[in-house]
Amino acid sequence: MAVADAPLALPSGAPSHDGKVLGVFTRAQRTTGWRSWITGVDHKKVGIMYGAAAIFFLLIGGFEALLIRMQLWAPRQQLLSADVYNQVYTMHGTTMVFLVVMPIGAAFANYLLPLQIGARDVAFPRLNAFSFWCFLFGGIFLNTSWLLGGGADGGWFMYAPNNGVLYSPSHGIDFWVLGLIITGIASMVSSVNLIVTVLNMRAPGMSMMKMPIFTWMTLVTQFLLLFALPVITVALFLLMFSRIFGAAFFNIDDGANPLLWQHLFWIFGHPEVYLMILPSFGLISEILPVFSRKPIFGYSFIVFSGVAIAFMGFGVWAHHMFVSGLGPTSVLVFSLTTMFIAVPTGVKILNWTATMWGGRLRFDTPLLFSIGLITMFTIGGLSGVSHSIAPADTQQTDTYYIVAHFHYVLFGGAFFGFMGGFYYYWPKVFGYMLSEKMGKWNFWVLFLGFNLTFGPMHIIGLQGMSRRYYTYDPNFGFDIWNKIATIGAFTIALSVILFIVNIALSYKRSKSLPPVGADPWDARTLEWITPNPTPEWNFDPIPTVTRVDDFWYQKYEETADGGLVKVRDAKDIVQDSDGVGVHLPSPSYWPIVLAFGLPIVAYGLIFSWWLCLLGGAIIVTAMFGWAFEPPDDPEAAHGHGHDEAGHDDHGSAADVDALEQEVAPVG
Amino acid sequence: MADTATFEPVHETGRDAAAPHAHIEHDTNTGISNTKLAMWLFLGSECLLFGALLTTYLLYKNPLPGQGPTREQLFDIPFTSASSFVLLMSSLTMVLAVAAIERSDHHRMRIWLGATAVLGSLFIAGQIYEFTTFYAEGLGYTTSRFGSAFYTLTGFHGVHVTAGIIMLVSLLLWSLRGNLPEHRSETVEVVGLYWHFVDVVWIVLFAVVYLIP
Amino acid sequence: MAHPQQPPVPTSVLDGAVEDYPSDWKYWRVAIILFVLTAIEVSTYVLADSVFSDSRVLIATLLFLMVVKFWAVAWYFMHLKFDKRILTVAFYSGLALAMVVYLCMLLAFRYFGDDGMICPSESLNCITEG
């Protein structure tokens, strides 16, 4: 860890805060350059890093997906051995769920949530940075298993007793367990942080029912995380103790019941699927009204159906276990609850459709992706309802029909929403627009590739092709559909490349274009009242909110016959301040140091106890350093001078460079 | 109770006057400080953690016949009752420490914090004694499903208590160095919340694990 | 140690409580009640063969005492009585969710026998039968 070389000495007269914390580090102060990313606690930087890291993991998980599809291109292929195939699909699922979809949700939540409620940062900025580093190191730790004896091979839900040492002697599952515990800590911390932020830090006038829908859906998501993560944490600890210390939790010889794992996993796992989709629901609930030029239809219905989904999401877990011999009563009960949970989701679909109905639709890329979500998620939802009928589910379990279903809801749902969010919020975050033309290509290629890949899986699933088999025989009639799916998978890869190329080209082109301006989409919600890209201090002054879609109603007024008249230009509303005198949380080294200790302990648990000691020492030091470091450096962050504000602007451009560099080499 | 005020923005003034670093504790919409709200949310989440461990224990509380000692053979109720009393009383000393610092009585607060840490350590010592005794009587961690579940459940609780003791000692040292002025008294209260939670978990464990046959 | 010479800050200003926290004596009284309740709990162990020969009575008594103790610590020592209600809601929603979910899980395991009682200990594997 580098010690900052900038002159950081505190002015005299602050005896209780000497510049060095525990005598190790001088207080980090940089707000520009790479150090500002390492030590930064700004929620916007954390959000951008979440997004960049998630796209990096998306490329890894996508590569694994392509390997799977290449192996299944033709019957009896030998590209991957059965063992490697097990590892590849396990890591594909794990990566996509825990290292891609959840973090992209966290990226949007981190970036947008304080902006949408009119706050300058989250409640605990250092904890926020810790969450990110913890997630990043956990994800890297998980993927180093490829280099250290092979990945986990039990499927992403890692059923017992297959997850025991007896059936999986490599260290893959140990990496999986410990990596997920570390990323779980990240999500746990950020859930508490974001809930407190929403409950406590709203701008004046922003009551709960005036919050933008994305904020509401994120709040619900964080509550789901808050209550679901401890369950998987226990399951992971039980598995870790079983594998490393030989505990009897899943050992049938000791009278243990492997169903314990299934229950614990799915009590977490079902809320998990909702917490992956809800941020996307929130994003398109922001996008649809803007591109339909209408308020969202039934604001309170969308909000409360989200809350209802969260509650009911804890009562349906056993529908993943219909074939495990639960007994008729349990199957009946969980069938019914599963059918009921389709209702609040249906309410949302209706609301989105009604939002577009009669609107003046502007078919820009964000709207295309949102419509993509609505249609694809509906297909996935309908196949989902077919699972709730237990006798049918018994036939569908562990076939490609299931694979088709959850890709339609998570890829066609969550990921389409995220893509729409990327296009919509890109100018907000980076200050330039992504090319519309390439964006439309991106959408249609993705839409085509997605349906080519996962549409045929419904058919081969119902024909009886099992998921997770590394190959199939030629005479089952699976050949043609598998070929189509593989072509589709490469089409998806092409669209992801298009997206990355679009980022690079649009950035290059933006240098010769005028700045994007304050309000490129004619938007509605509070985050657009700040200039683009968002300045470091977010708001100056903190706005006062009077109604839902406050920004919109500052621009437009309704006439007597219900029409809209533009009364003010966005330029006059958007804040134009140099941020002088705004007090911001200070950067800190401790979050990254603390997070760095965790994977070292995890390596220690697998390889050598000495590493545990080392990692533990780092963690303890970091915790005390953190505790003794005042949350705000009392001197450093006061008063942004004009010069400094100027640097900040440059900093934002440099930030874009940093993201490009992180993304481009991999693509 | 101010139910109606819960979701209305509350703008207090005057808090900053007593606090040099008042901007740390912004005025909040709920009127509750961020730290305290965060701790309560965390405790709500911990309920599910201990619930899962307790459920595991309930499922596995009887070892298969021939797989080591059973609960009836091992549990020493008088001894565990004594250590339960110790932990319960540490809750009293903790709340007295919180009350003391709110009266600006730093001296008493340190005494009560110290007492809480000592009582907590006594409880942990009792747990170590209990574990070694059980081990000597034939219940290893891998002996039976009961052994695994019992040690994991009570061990998780023990780790929580230990973390609490470390926090208490840190607070004590912090206070002795003069870094715990009145406007930071909430730190003591928040650590206290954690400590009481560990105590209520033990109230449940003592009844469900030890007393209910 | 030099203490800043400031008047004591009212509780509500410090952390948003809606009532002032009680005097020490009140905490002592709660502790004494907790002490007595725990003594009763322990006495069930001694009196298991006489007063509490019916195990249902025993379990009901113990669960009742447990709930009262839990509530007392949360209500007084953890200041839920004096704080804003949202804290009570946050904590008890987690607790209620935990109880409902794990009770359903135990039911799915058929942990409780037909008479609502836990399966007898000699039953080898009452969690996997059926």
Side-chain angles (χ1 to χ4, degrees), chain B residues 1-3 6 12 14-15 18 28 30-33 36-37 40-41 43-45 47-48 51-52 54-55 58-59 62 64-65 70 77-78 81 84-85 88-89 91-92 94-96 99 102-104 106 176 178 181-183 185-186 189 193 196-197 199-200 203-204 206-208 211-213, chain C residues 1-4 6 8-9 11 13-16 18 21 23-24 27-28 30-31 34-35 38 41-42 44-45 48 55 58-59 62-63 65-66 69-70 73-74 76-79 83-87 90-95 97-99 101-102 105-106 109 111 118 121-125 127:
Chain B
M1 297 283 155
D3 307 355
T6 300
E12 296 173 26
R15 202 149 86 181
T28 62
T30 57
I32 303 159
S33 80
K36 192 161 160 179
L37 185 58
W40 273 108
L41 289 167
L43 296 182
S45 151
C47 290
L48 280 114
L54 190 62
T55 311
L58 287 174
L59 289 169
N62 299 312
L64 293 189
T70 61
I77 300 297
S81 307
S84 301
F85 275 123
L88 202 56
M89 289 307 112
S91 254
L92 173 66
M94 185 72 235
V95 82
L96 292 175
E102 269 158 9
R103 290 194 310 263
S104 306
H106 289 254
L176 286 172
E182 282 82 10
H183 67 268
S185 72
E186 203 193 42
E189 197 192 347
L193 288 177
H196 295 306
F197 176 76
D199 184 35
V200 293
I203 288 175
V204 174
F206 180 56
V208 174
L211 292 178
I212 291 181
Chain C
M1 196 70 47
H3 298 145
Q6 288 167 348
V9 190
T11 312
V13 173
L14 276 173
D15 56 10
V18 290
Y21 296 148
S23 63
D24 286 7
Y27 293 133
W28 279 99
V30 175
L34 287 171
F35 189 91
T38 312
E41 278 185 332
V42 176
T44 62
Y45 169 73
S55 65
L58 174 62
I59 290 173
L62 285 172
L63 287 179
L65 291 171
M66 177 186 93
K69 283 169 70 182
F70 188 107
V73 172
Y76 292 103
F77 287 177
M78 296 172 93
H79 289 167
D83 273 336
K84 297 230 160 82
R85 214 184 63 157
I86 186 175
L87 297 179
F91 180 62
Y92 281 112
S93 57
L95 184 69
L97 182 69
M99 292 201 307
V101 164
Y102 295 124
M105 180 173 150
L106 286 173
F109 273 117
Y111 183 75
I118 295 159
S121 58
E122 57 270 18
S123 161
L124 223 178
N125 216 347
I127 61 169

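Note on naming: letters A, B, ... go to the chains in the order of the sequence lines (proteins, then strands), and numbering restarts at 1 for each one. Owing to the predicted nature of the structure, the values given are computational and were not obtained by experimental measurement.
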Checklist line | Per-residue contact mode, C/Tyr27 against chain B (heavy atom under 4.5 angstrom) | finding: both

Item checked: Spatial distance of atom CG (C/Leu87) from atom CG (B/Leu37) [nearest 0.5 Å] -> 6.0 Å

Next item on the list: Heavy-atom pairs under 4.5 Å with chain C are the metric here; pick the option from B/Thr70, B/Leu41, B/Val204 that has the most.
Entry: B/Val204

Notebook entry, point to check: Checking C/Leu58 against chain B: side chain, backbone, both or neither under 4.5 Å from a heavy atom?
Noted result: side chain

Notebook entry, point to check: Salt bridge check: are C/Lys69 and B/Asp199 linked by an N-O gap of less than 4.0 Å?
Noted result: no

Next item on the list: State, with a plain yes or no, whether a side-chain heavy atom of C/Leu62 is found less than 4.5 Å away from one of B/Phe206.
Entry: no

Notebook entry, point to check: Do C/Tyr111 and B/Leu58 have side-chain heavy atoms sitting under 4.5 Å apart?
Noted result: yes

Notebook entry, point to check: So how far is it from B/Ile212 CD1 to C/Ile59 CD1, rounded to the nearest 0.5 Å?
Noted result: 5.5 Å

Margin query: As an exercise, state the distance from OG of B/Ser45 to CG of C/Leu97, rounded to the nearest 0.5 Å.
Written below: 10.5 Å

Notebook entry, point to check: Is there side-chain contact between B/Glu189 and C/Asp83, with heavy atoms separated by less than 4.5 Å?
Noted result: yes

Note to self: Out of B/Pro78, B/Ala207, B/Ser91, B/Ser84, return the one with the most heavy atom pairs under 4.5 angstrom to chain C.
What the structure shows: B/Ser91

Next item on the list: Check each atom of B/Phe197 against the heavy atoms of chain C and say whether the ones under 4.5 Å are side chain, backbone, both or neither.
Entry: both

Checklist line | Residue pair B/Cys47 / C/Phe91, side-chain heavy-atom distance below 4.5 Å | finding: yes

Checklist line | Any donor-acceptor N/O pair, C/Tyr102 side chain to B/Leu54 backbone, under 3.5 Å | finding: no

Item checked: Engaged part of C/Ser93 at the chain B interface, taking heavy atoms whose separation is under 4.5 Å -> neither

Margin query: Classify the ring geometry of C/Phe77 against B/His196: parallel below 30°, tilted from 30° to 60°, perpendicular beyond 60°.
Written below: tilted

Notebook entry, point to check: Is there side-chain contact between B/Leu193 and C/His79, with heavy atoms separated by less than 4.5 Å?
Noted result: no

Item checked: side chain to side chain contact (heavy atoms under 4.5 Å, CB included) between C/Phe35 and B/Leu88, intermediate numbers included -> CA-CA 8 Å; C/Phe35 189 91; B/Leu88 202 56; 5.6 Å; no

Next item on the list: Apply the test side chain to side chain contact (heavy atoms under 4.5 Å, CB included) to residues B/Arg103 and C/Asp24: give CA-CA distance (whole Å), side-chain angles for both, the deciding distance (0.1 Å), then the verdict.
Entry: CA-CA 11 Å; B/Arg103 290 194 310 263; C/Asp24 286 7; 3.3 Å; yes

Notebook entry, point to check: Going through the checks in order, is the side chain to side chain contact (heavy atoms under 4.5 Å, CB included) test met by C/Lys84 and B/Thr30?
Noted result: CA-CA 8 Å; C/Lys84 297 230 160 82; B/Thr30 57; 5.7 Å; no

Margin query: Before you tell me yes or no, could you show the steps for B/Thr55 and C/Leu106 under side chain to side chain contact (heavy atoms under 4.5 Å, CB included), namely the whole-Å CA-CA distance, both residues' side-chain angles and the distance that decides it to 0.1 Å?
Written below: CA-CA 7 Å; B/Thr55 311; C/Leu106 286 173; 3.7 Å; yes

Check: So which part of B/Met89 gets closer than 4.5 Å to some heavy atom of chain C, the side chain, the backbone, both or neither?
Finding: side chain

Check: To the nearest 0.5 Å, what is the distance between CH2 (B/Trp40) and CD1 (C/Ile86)?
Finding: 12.5 Å

Item checked: Flag side-chain contact, heavy atom, 4.5 Å: B/Val95 against C/Met78 -> no

